Amino acid sequence: MYKKLFIPGPTHVRESILNAQTAPMIGHRSTDYSDLQAEVTPKLQQLLYTEQPVFIYTSSGTGVMEGAIRQTVLKRALVTVCGAFSDRWHQITVANGVPVDRVDVEWGQGFSPEIIDAALSQGDYDVLTITLNETSTGVMNPLKEIAAMVRDKYPDVVILVDAVSAMAGVKIEFDAWDLDVVISSSQKCFALPPGLAITAVSERALKRAEQVPNRGYYYDFLNMLKYYKRSQTPATPAVSLIQALNRQMDDILEEGLEARWARHAEMAELVHAWARKHWALFANEAYLSNTVTAVANTRGISIADLNKELGKRGAMISNGYGSKLKEKTFRIAHMGDLTPKDIRWVLGLIDDIVGLAYSATR
Ligand SMILES: *Cc1c(COP(=O)(O)O)cnc(C)c1O
């Protein structure tokens, strides 16, 4: 049975977007393809409030995280860890033999600029990783404030941002905040099928990459840039997905960026209020995410059973992430093309299944 996805990726994909993938195939070295990439790229730049390059990698987001680590660290990276996805930056760094230190906060907490400042002041770092939205805990870190602190006190530090579960759901002003590499995947807030990683890259990051001798091949920013200038990619891209991306970007811009951010905020508020009333929020109130909520299972119900029941009614949420949070929390994603109406519907279903007196639909 078809289930509407309220999981933090892949998210619900509208039929018109699925259908956009069935356009006739075109050669990736043809002008037709260059026209397509040249058409979609300015829309992505608008989404990220940037005039700098936005690359379209055929890859999941994790691939670009690895690529970014490989080609930006000359000295040492500082990795900020507040959950399972931010820990991935650390695993990638170690796996590539890149010098790294980590600063941790408890899961459910976020990073203030002060914590990061204190950690950066302890070593000679040239890269900082930040996970804008920690999907395992429902924490959104204050990226704008963190970036302002870094630019003020550590101007040469390259800021790598995992925005996989945030880009196209919340405002990210790439140029004004002076960020360096901001990575996303198509299957989260973009509400596309998986397979693309949209990545903005700054002049500072490109300059750094020039100095790194063994920066890898597939993700090499400088090689990407060379092809980007003629609206192509070095290797064969997922043309059908880019057709869908182009179509989706039209819809996103037609909705209006401010309206899209506001819709995400409205959905988040609905879920947060419901969770406060009937359960508890796992994340610290000061760092609540606008795209996914981790709800503490204060009623001690079986989340696996809840999801089975939801499945019979045509919806799916996520259990807690990993052995640490499974059954202790559950997650409701409110990202992409979902609407407040969808959210009221799924919360109402949970209320019915769990037998709560209150219903979010009332
Ligand atoms: C989903 C997710 C990832 C992994 O993205 P892939 O596209 O599966 O590689 C990384 N970071 C965050 C915060 C995520 O939510």
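It should be emphasised that the depicted structure is a prediction, and the values quoted were computed from it without experimental measurement. When a ligand or atom number is given, it counts from 1 through the structure's own listing order.
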Geometric class of the Phe330/Trp274 ring pair [parallel <30°, tilted 30-60°, perpendicular >60°]: perpendicular
CD1 on Ile56 to CG on Leu241, rounded to 0.5 Å: 10.5 Å
Those residues that, when tested against Lys312, pass salt bridge (Lys or Arg N to Asp or Glu O under 4.0 Å) (two or more places apart): Glu309
Side chain to side chain donor-acceptor pair (under 3.5 Å) partners of Asn290, counting only residues at least two apart: none
Which residues share a side chain to side chain contact (heavy atoms under 4.5 Å, CB included) with Asn319, sequence neighbours left out: Ile303, Lys326, Glu327
Criterion side-chain hydrogen bond (donor to acceptor under 3.5 Å, both in side chains) on Thr291 and His264, from CA distance to verdict: CA-CA 6 Å; Thr291 60; His264 278 78; over 6 Å; no
Close-range residues for ligand 1, whose non-hydrogen atoms fall below the 4.0 Å threshold: Ser60, Gly61, Thr62, Phe85, Arg88, Asn133, Thr135, Asp162, Val164, Ser165, Ser185, Gln187, Lys188
